[in-house]
Number of protein chains: 2
Amino acid sequence: MADKKKFTIYDLAKKLGYSPSTISRALNDHPTISKKTTKFIKAAAKEAGYRPNSIAASLRSSRSNTIGIMISRINRPFISSLISGVEECARQAGYSVIISQSNDKYDNEVNNAKVLRDSQISGLIVSLAMETEDYDHFQQFVDMGIPIVFVDRVPKSFPSYHVVIDNYAAGFKATQHLIDQGCKRIAHFAGAQHRNVYAERKEGYIDALKAAKLPVDESLIYLFDTLSSEEGEKATQELLSLENPPDGIFSANDTAAVSAIIYAKKVGVNIPKDLAIIGFNDDPMASIVDPALSTITHPAIKMGEIAARRVLEHTTDNHDSSISEVTILNTEVLVRKSSLKSKVDKPVEQL
Amino acid sequence: MADKKKFTIYDLAKKLGYSPSTISRALNDHPTISKKTTKFIKAAAKEAGYRPNSIAASLRSSRSNTIGIMISRINRPFISSLISGVEECARQAGYSVIISQSNDKYDNEVNNAKVLRDSQISGLIVSLAMETEDYDHFQQFVDMGIPIVFVDRVPKSFPSYHVVIDNYAAGFKATQHLIDQGCKRIAHFAGAQHRNVYAERKEGYIDALKAAKLPVDESLIYLFDTLSSEEGEKATQELLSLENPPDGIFSANDTAAVSAIIYAKKVGVNIPKDLAIIGFNDDPMASIVDPALSTITHPAIKMGEIAARRVLEHTTDNHDSSISEVTILNTEVLVRKSSLKSKVDKPVEQL
DNA sequence: TCAATAATCGCAATCGGTTTCGGATATTTA
DNA sequence: TAAATATCCGAAACCGATTGCGATTATTGA
């Protein structure tokens with residue numbers, strides 16, 4: 001109840017016999033204020049329990065020390081780790097993080113963009129909605145000089161920062177791994193092909209097959225909307241009832257891969273002997289399913305950190321926002337039991 | 001690059017021949033402005049592409065339309081779902097959500113509280129850090145009239161809104177279920193006992209045993225710090241090497257329960273025949289592990305929604321912040337294979 | 001010692017809405 | 001018709017910090 005009168009720099013100024021401007025500059029380490037008074041004022045501010053009003057500061061300086069995040073859904077392992085990385089990095093630099101989820105809907109994304117545009121964010125970190133195919137709603141940020149960092153699911157062409165993994169290489173490696181294990185007929189669970197990550201993973205898959213002189217059978221490639229467990233199960237069912245079923249599956253995410261494992265087990269197909277499976281992302285469930293799912297590891301938290309750092313760098317160094325800067329992070333094949341037919345490949349993760 | 005001059009209500013006022021005050025009121029549906037001019041001004045505003053500066057509004061009115069969230073870590077299934085619920089509800093009401101994670105450290109929590117206090121949030125939603133045992137750092141919000149909604153991990157006594165599940169009842173039900181399955185010697189993996197949720201679940205466990213006239217064996221109760229999979233595995237190892245091992249485990253979270261399943265399987269203990277296991281939370285991994293983990297379901301997203309609604313209600317209805325209002329949500333026993341010894345209990349979830 | 005330069009600091013405008021107070025016009029009542 | 005009340009709107013202060021510019025004082029150089 002006791003609502004203390006707000007203590008502003010004016011109050012502090014009066015108390016110390018300085019002007020508000022001096023107080024403000026001192027608290028912000030402005031070089032034009034002597035070290036001595038700066039130290040004195042800071043001490044007095046702390047002593048008096050002064051709390052800056054960041055809203056007022058934002059209004060005047062039109063900088064908000066807030067980073068906006070736009071993602072599909074928070075409660076997905078990769079996304080939440082990504083956000084976690086952003087938040088950690090942002091907070092250490094004195095920035096706040098404000099989030100908005102699109103539920104993979106284009107309309108929501110457009111709307112969220114409007115809201116964020118009006119809240120004076122100093123940078124935007126985006127992982128695109130599944131549906132999104134045009135990027136006009138991001139132009140307004142460019143116009144306002146707000147840096148955009150696209151992460152993982154990035155637009156085809158839009159001058160901005162990108163933080164991604166090499167999906168092509170990862171797709172290639174995953175497929176290559178199955179080939180190394182002796183698979184001759186490898187199916188692929190792909191996602192929406194207008195989304196870079198899924199298109200690139202598929203490219204890698206196809207090229208790996210070609211490099212190994214294996215035929216590319218289009219009927220083994222499933223183009224899913226969401227790569228859900230339902231889709232994965234259904235596709236596995238279809239694949240296993242083929243007269244010439246595949247001996248390997250590379251799924252573009254773990255959810256579908258796990259459902260494949262579970263379904264295959266249910267119908268008595270031996271994994272990995274009859275069917276080797278590798279997923280993508282290393283979601284927690286990948287290590288829990290039995291046999292444990294081989295997968296591609298994503299440095300999710302690190303991607304978030306880097307994305308946040310791009311924003312921070314941009315605002316401090318005053319970069320040119322018309323340039324594009326792409327950061328590509330490493331992925332690794334994490335071999336577990338779901339794909340380990342031979343013993344000579346890579347070491348199995350200890351469980 | 002083209003940084004359009006900002007278009008303010010002053011510009012609009014000049015253009016329309018009204019005063020800024022009228023524009024402001026019209027845009028906010030103030031009753032003192034006639035319906036007609038309100039409609040006219042709104043149309044003109046949209047037409048002119050006027051965008052309100054929410055920072056300026058916040059400064060003057062000291063309301064920010066922002067809800068702050070303090071949680072342990074974002075990338076945990078329960079937490080991310082909780083946030084998802086908050087965000088969804090908040091956005092629909094025109095509020096933004098700003099998050100901060102404590103990593104379960106008390107010091108971080110205190111710090112985050114300071115930051116949020118200075119950012120003029122209109123409400124705070126908190127799930128306490130594991131370490132936290134005093135709540136002084138929340139008093140400042142009460143002093144400022146900012147409503148606090150504690151969710152799930154709530155303080156022992158602090159006048160505020162609480163949104164929780166009945167942990168006692170859930171613990172009782174979980175244990176009762178194991179008893180119903182014929183378990184006579186049930187171990188319990190508990191969390192830090194100063195955290196309400198774990199203490200209450202343990203109480204429920206103990207009382208269920210007592211109600212069934214089963215002995216309470218303290219040596220079967222593990223008090224963990226974090227309920228990690230490492231802790232779960234180690235405890236399971238110890239329990240299984242007892243000369244009189246338990247025939248059931250009720251774990252206060254799924255992580256430890258799953259590790260128990262995996263370890264037991266590894267050493268050839270049959271689940272559920274020799275050892276029935278039930279967890280808590282219904283994390284995604286619970287349905288993936290084999291045998292699938294019975295567990296207690298948490299309405300995480302709904303808890304987030306309700307928490308957000310409490311904040312919204314409070315700010316609109318201008319509640320008295322000294323009262324305490326507790327919302328208790330339902331939990332359910334979700335029976336899967338890890339605990340299903342008999343067939344006559346409850347229906348097994350289809351996989 | 002006096003002018004020139006540097007180091008410090010204050011004044012006041014500013015950011016863009018919100019809100020109090022009161023004025024002007026319209027409507028109702030006596 | 002005059003007075004009373006409603007209705008609608010404008011002037012200006014205000015929220016609390018930031019910052020360009022000018023003033024003052026201290027330091028340096030000749």
Side-chain angles (χ1 to χ4, degrees), chain A residues 3-42 44-45 48-66 94 117-120 122 144-145 315, chain B residues 3-42 44-45 48-66 94 117-120 122 144-145 315:
Chain A
D3 58 329
K4 301 166 183 171
K5 276 280 171 286
K6 285 177 188 170
F7 188 77
T8 74
I9 57 171
Y10 289 88
D11 302 318
L12 190 57
K14 208 170 298 172
K15 187 169 169 183
L16 300 185
Y18 278 106
S19 78
S21 17
T22 303
I23 305 289
S24 171
R25 285 190 262 251
L27 293 175
N28 290 308
D29 285 314
H30 199 285
T32 189
I33 304 294
S34 72
K35 291 284 171 210
K36 199 166 50 182
T37 49
T38 293
K39 183 178 280 182
F40 171 71
I41 289 178
K42 279 190 173 179
Y50 165 75
R51 285 289 132 193
N53 181 324
S54 51
I55 300 285
S58 295
L59 176 59
R60 174 60 222 245
S61 58
S62 53
R63 286 185 262 102
S64 75
N65 279 24
T66 300
R117 182 240 289 132
D118 294 341
S119 49
Q120 314 289 99
S122 44
M144 298 171 74
T315 56
Chain B
D3 58 328
K4 302 167 183 171
K5 276 279 171 288
K6 284 175 189 171
F7 188 77
T8 75
I9 56 170
Y10 287 87
D11 302 317
L12 191 58
K14 208 169 298 170
K15 187 169 169 183
L16 301 184
Y18 279 106
S19 78
S21 15
T22 303
I23 305 289
S24 171
R25 284 190 266 249
L27 294 175
N28 290 309
D29 286 312
H30 199 282
T32 188
I33 305 293
S34 72
K35 289 286 172 209
K36 200 165 50 178
T37 47
T38 293
K39 186 178 280 182
F40 171 70
I41 289 178
K42 278 190 174 178
Y50 166 74
R51 286 288 131 194
N53 182 325
S54 51
I55 301 285
S58 297
L59 175 58
R60 175 58 220 245
S61 58
S62 50
R63 286 185 262 99
S64 75
N65 278 27
T66 301
R117 183 241 289 130
D118 294 342
S119 47
Q120 313 290 101
S122 44
M144 298 172 74
T315 56

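Keep in mind that this is a model prediction, so the values were computed, not measured. Order of the sequence lines sets the chain letters (A, B, ...), proteins ahead of strands, with each chain counted from 1.
The CZ atom of Phe7(A) sits 12 Å away from the P atom of dG16(D) (whole-angstrom rounding). As rounded to whole Å, 14 Å separates atom P of dG10(C) from atom NZ of Lys14(A). The OH-P distance, from Tyr18(A) to dT8(C), rounds to 11 Å in whole Å. The nearest whole Å value for the distance from the CZ atom in Phe40(A) to the C1' atom in dT8(C) is 15 Å. Distance CG (Asn53(B)) to C1' (dC15(C)): 8 Å, rounded to an integer number of Å. Here the P atom of nucleotide dA17(D) and the CZ atom of Arg60(B) are 15 Å apart, to the nearest Å. Distance, Gln120(B) CD to dG16(D) P: 8 Å, rounded to whole Å. Between Ile23(B) atom CD1 and dA12(D) atom P the separation is 18 Å, expressed in whole Å.
Checked against dT19(D), dA17(D), dG16(C), the side chain of Ser61(A) finds its nearest nucleotide in dT19(D).
When heavy atoms are screened at a 4.0 angstrom cut-off, Ser24(A) is found touching base atoms of the nucleic acid. Residue contacts for Thr32(A): at a heavy-atom cut-off of 4.0 Å it reaches a base atom on one of the strands shown. Ser21(B) comes within 4.0 angstrom of a base, heavy atoms only. Nucleic acid contact class of Ser34(A) (heavy atoms, under 4.0 Å, all strands): sugar-phosphate only. Among the protein residues, Tyr10(B) comes within range of the nucleic acid bases, having at least one heavy atom under 4.0 Å from a base atom.
Of the residues near DNA chain D, Ala56(A) and Pro20(B), the one whose nearest nucleotide (by heavy atom distance) lies more toward the 5' end is Pro20(B). When each of Leu27(B) and Lys35(A) is assigned the nucleotide of DNA chain C with its nearest heavy atom, Lys35(A) is the one assigned upstream, toward the 5' end.
Proximity of Thr37(B) to the phosphate of dC9(D): a side-chain N or O atom is located under 4.0 Å from OP1 or OP2. An OP1 or OP2 oxygen of dT18(D) is reached within less than 4.0 angstrom by a side-chain nitrogen or oxygen of Asn28(A). Residue Ser19(B) has a polar side-chain atom (N or O) positioned under 4.0 Å from OP1 or OP2 of dG10(D).
Applying the 3.5 Å distance criterion, the base of dG10(C) shares a donor-acceptor pair with the side chain of Arg25(A).
Annotation: side chain of Tyr18(A) is in contact with side chain of Thr37(A) (closest heavy-atom distance under 4.5 Å). The shortest side-chain heavy-atom distance between Leu27(A) and Tyr50(A) falls under the 4.5 Å cut-off. Two residues are said to be in side-chain contact when any heavy atoms from C-beta on lie closer than 4.5 Å; Gln120(B) and Asn53(A) meet this criterion. Looking at heavy atoms from C-beta onward, Lys42(B) lies in side-chain contact with Asp29(B) at the 4.5 angstrom threshold.
Nearest heavy atoms, Ala13(B) versus Pro20(B): CB-N, 3.6 Å.
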